[in-house]
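What you are looking at is a predicted structure, and each value in this text was computed from that prediction instead of being measured. Protein chains get the first letters and strands the later ones, always in sequence-line order, with residue 1 at the start of each. Only heavy atoms go into these numbers, but all of them, side chains included; no hydrogens, no water, no symmetry mates.
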Amino acid sequence: MKYQAPRGTHDILPRDSLTWAHLESSFRNLVGLYGYNELRTPTFEDTELFTRSSGETSDIVTKQMYDFADKGGRSITLKAEGTAPAVRAYLEHGLGGQGQVTRLWYTTPVFRYERPQKGRYREHHQFGVECLGSASPLADAEVIEIAYRFLTTIQMPDVSVSLNSIGRAATRAAYREAILGHASAYLTEMGAEDRLRIEKNPLRLLDSKDPKAIDLMKTAPSIQDFLEDESRSRFASLCQALSDLGIPFEIRPEIVRGLDYYTDTVFEVLSHHLGAQSALCGGGRYDRLVQDLGGPDTPAIGFGMGIERLFLVLESLDKLQEAPRIVAFVVAADEIARPMVQRICHDLRNAKISAQCDLEGKDMRRQLKQANALNAEIAVLVGEEELSKRFATIRDLATGEQRALPFDRLVEELQ
RNA sequence: GCGGGUGUAGCUCAGGGGUUAGAGCGCCUCACUGUGGCUGAGGAGGCCGUGGGUUCGAGACCCAUCAUCCGCCCCA
């Protein structure tokens, strides 16, 4: 095979594109019910947008960006995540007006230079929403409700939201000291690279898969105990709001998230139908980001959801969308009937009845084989006798029963 | 970026140094010249991922490379 899709990218083939379209329309319809408006941003941005927003030490910035210099010498990066470009556009076009709450949604390709595995690609696609301009816990609840309701709408099984609060800067500074202190003995026995990783972001210890770390974390202080009063009360309000909405969630203090801009609320939805890449959805509040990108002090919250991962779960459960059956296959019993076959196809399609016919001069037997292979509901047969007496023979392909319908009543009878 | 598994027909997979590389499914032809599905007979389809090497001989063994899958890291 001379050419193939670049590493970590994939084609969405016809049998799968039906499910993709279904996911897309379901999401579009749902966010519309909440008054969210679609935002489309470019496939690439100035590199600095991502380095500024995601955090200089985040993995996305340090090793996963698809960055390159364009012919004008600009440093460009393929969209590495959805929130920063959305905030950029929000600020650039003054979408926030005089501080109103602004609700945006998007579906977009996302590029990260990572080692591909199942559920992890160098180009993948995300749905996302961003609710900008409200600090209310009700905004958090609204965004989480959208994620939850979407997943239930598409019949994603076993959906439960994992929720945490990581507080503000002061909380994380204090907690950082506490957790590093708790783990100091453990840290001295690990390699330099691992230790650096942990020191960069001690919260990583919380979701480590190393048995020693897991054991150590059982006795670790909880970030919940370090929350400031305001963070604590907003978290309580959010939990109450979710309960009121009937959304199941569990508080999981080990949820951290990889982007530096999150404050207070963070959440994830995982699926055990995936392998190691189990997050379907991740999001949180980012009350500092808009300001960091040069805008006014604007609290905001949003999430991203991986479409490929949704697809993989549905596929593993055999829940992909079935192709709509073609209704009528119109068969020419002999060559003289071909023009009438074209005409009938045309009339059926005008009446929104799907119709197909042979294009290659195949004989009647092969045309019927084709109709059968397509799983058409009926065959419409036209031959010499039909032409002279102005009728078509309608054959039910499931039962084999046939009946005659005059040409001028064909479309209405088949409606 | 690190460790491991796998690349053979359109698809799923056998073959593990010795003629012309196999099966099932699918596809095509015929039995069947105005009737699909079922059945039977026949057929097409492969640079055995790619490039080097070892060998009298490589689909098989070695090296490299590309892709993919599993785990780590990380994430959606």
Side-chain angles (χ1 to χ4, degrees), chain A residues 1-10 13 15 54 57-64 79-83 107-128 147 151 191 193-194 196-198 200-201 204 207-210 255-259 267-271 274-283 302-313 329 331-337 358 362-387 393-402:
Chain A
M1 202 75 63
K2 187 161 185 188
Y3 295 111
Q4 47 190 310
R7 178 163 212 213
T9 68
H10 60 101
L13 301 177
R15 52 158 257 170
S54 300
T57 61
S58 69
D59 275 54
I60 286 184
V61 167
T62 55
K63 49 186 198 188
Q64 298 178 347
K79 200 186 286 189
E81 59 103 19
T83 299
T107 175
T108 180
V110 174
F111 303 87
R112 289 180 202 160
Y113 194 89
E114 301 182 82
R115 180 141 176 171
Q117 64 184 73
K118 195 178 189 71
R120 188 173 72 187
Y121 306 97
R122 289 186 172 180
E123 181 189 29
H124 76 279
H125 300 78
Q126 291 187 12
F127 296 130
L151 292 169
E193 197 179 321
D194 289 338
L196 194 65
R197 210 184 78 241
I198 296 300
K200 249 168 35 183
N201 188 350
R204 284 286 159 234
D207 58 1
S208 170
K209 282 160 191 157
D210 177 6
I255 300 264
V256 289
R257 315 257 62 231
L259 299 165
F267 66 97
E268 291 179 352
V269 182
L270 308 181
S271 172
L274 291 163
Q277 311 304 320
S278 61
L280 288 174
C281 173
F303 70 73
M305 191 179 285
I307 306 179
E308 278 81 357
R309 292 185 184 174
L310 300 174
F311 182 93
L312 284 170
V313 174
F329 195 95
V331 172
D334 43 46
E335 288 309 302
I336 196 92
D358 167 57
K362 289 184 176 159
D363 64 26
M364 186 175 182
R365 157 178 295 277
R366 260 159 276 270
Q367 291 178 59
L368 277 159
K369 269 181 177 293
Q370 213 177 320
N372 192 57
L374 276 171
N375 197 22
E377 291 174 30
I378 59 169
V380 177
L381 308 176
V382 186
E384 202 176 346
E385 189 190 353
E386 284 87 347
L387 280 179
T393 299
I394 311 300
R395 180 179 179 85
D396 184 314
L397 287 168
T399 65
E401 284 168 22
Q402 299 195 166

Nucleotide forming a Watson-Crick or wobble pair with C47(B), both distances under 3.5 Å
none

Which one is paired to U6(B), where only Watson-Crick or G-U wobble pairs with both distances under 3.5 angstrom count?
A67(B)

Using modelled atom types only, decide if a donor and an acceptor are shared between the side chain of Glu268(A) and the backbone of Leu270(A) within a distance under 3.5 Å.
no

Step through the shown structure and confirm whether more than 12 heavy atoms of other residues, nucleotides or ligands are within 6.0 Å of CZ on Arg15(A).
no

Students often get this wrong, so: under 4.0 angstrom with heavy atoms, is Gly128(A) touching a base, only sugar-phosphate, or nothing?
nothing

What does C61(B) pair with, Watson-Crick or G-U, if both distances are under 3.5 Å?
G53(B)

Nucleotide forming a Watson-Crick or wobble pair with G1(B), both distances under 3.5 Å
C72(B)

Gln277(A) pairs by side chain to side chain contact (heavy atoms under 4.5 Å, CB included) with which of Lys118(A), Glu308(A), Gln117(A)?
Gln117(A)

What interatomic distance, in whole Å, is found between C1' of G71(B) and the corresponding atom of A23(B)?
34 Å

I want to verify the glycosidic state of G16(B); is it syn or anti under the 90° rule?
syn

Between U50(B) (P) and Tyr3(A) (OH): distance, integer Å:
16 Å

Residues two or more places apart in sequence or in another chain: which of them pass side-chain contact (heavy atoms from CB on, under 4.5 Å) with Asp363(A)?
Arg365(A), Arg366(A)

Can you tell me the distance, in whole Å, between the NE2 atom of His10(A) and the P atom of A67(B)?
16 Å

Hey, is the side chain of Arg365(A) poking within less than 4.0 Å of OP1 or OP2 on G36(B), counting only N and O atoms?
yes

Residue Ile336(A) excluded, over 12 heavy atoms near CD1 under 6.0 Å
no

Suppose you measure atom C1' in C27(B) against the same atom in G10(B); what distance do you get, rounded to whole Å?
8 Å

Whole-Å distance between G26(B) C1' and Asn375(A) CG?
16 Å

Under a 3.5 Å limit on both distances, the Watson-Crick or wobble mate of A23(B) is U12(B)

Looking only at atom C1', what distance separates C69(B) and G52(B), rounded to whole Å?
26 Å

Candidates Leu381(A), Val382(A), Val331(A) - the one meeting side chain to side chain contact (heavy atoms under 4.5 Å, CB included) with Thr393(A)
Leu381(A)

5' precedence on RNA chain B between Thr393(A) and Lys369(A) (nearest-nucleotide basis):
Thr393(A)

Less than 4.0 angstrom between a side-chain N/O of Arg366(A) and OP1 or OP2 of C30(B), yes or no?
yes

Relative to each other, are the rings of Phe267(A) and Phe303(A) parallel, tilted or perpendicular (30° and 60° limits)?
perpendicular

Applying a 4.0 Å non-hydrogen cut-off, can you work out what Leu381(A) is touching in the nucleic acid: base, sugar-phosphate, or nothing?
base

Measuring only the C1' atom in each nucleotide, how far is C25(B) from C61(B)? A whole number of Å is fine.
33 Å

Sugar-phosphate or base contact per nucleotide [nucleotides 69-76 of chain B; S, B, -; heavy atom under 4.0 Å]
SSBBBBBB

Length of the line joining Asp358(A):CG and U35(B):P, which is rounded to integer Å:
16 Å

Tell me if the side-chain of Arg395(A) makes a donor-acceptor pair with the base of U35(B), cut-off 3.5 Å, by modelled atom types.
yes

What is the separation between atom CG on Asp396(A) and atom C1' on U35(B), rounded to the nearest whole Å?
14 Å

Measure distances between side-chain N and O atoms of Gln367(A) and base N and O atoms of G34(B), and say whether any donor-acceptor pair falls under 3.5 Å.
no

Expressed in whole Å, how much space separates the C1' atoms belonging to G17(B) and G57(B)?
8 Å

Positive for side-chain hydrogen bond (donor to acceptor under 3.5 Å, both in side chains) with Glu114(A), one of Arg122(A), His124(A), Gln64(A):
Gln64(A)

Please report, rounded to the nearest Å, how far the C1' atom of G34(B) is from the CG atom of Leu368(A).
9 Å

Gap in Å between the two P atoms, one belonging to C74(B) and one to U55(B), rounded:
48 Å

If pairing means Watson-Crick or G-U wobble with both distances under 3.5 Å, then the partner of G40(B) is C30(B)

Got a sec: does the CD of Glu384(A) have more than 12 other heavy atoms crowding it under 6.0 Å?
no

Hey, does Asn375(A) have a side-chain heavy atom less than 4.5 Å from the side chain of Leu397(A)?
no

Students often get this wrong, so: under 4.0 angstrom with heavy atoms, is Glu384(A) touching a base, only sugar-phosphate, or nothing?
base

When we call it a touch if two heavy atoms are under 4.0 Å apart, what does Ala337(A) touch: a base, just sugar-phosphate, or nothing?
nothing

Rounded distance in Å - CD (Gln402(A)) to C1' (U35(B)):
7 Å

Gln4(A) CD to U65(B) P, in whole Å, measures 16 Å

Using only modelled atom types and a 3.5 angstrom limit, is any donor from either the side chain of Asn372(A) or the base of G37(B) paired with an acceptor on the other?
no

Between G26(B) and C62(B), how many Å separate the two P atoms, rounded to a whole number?
37 Å

Looking only at atom C1', what distance separates G4(B) and C13(B), rounded to whole Å?
22 Å

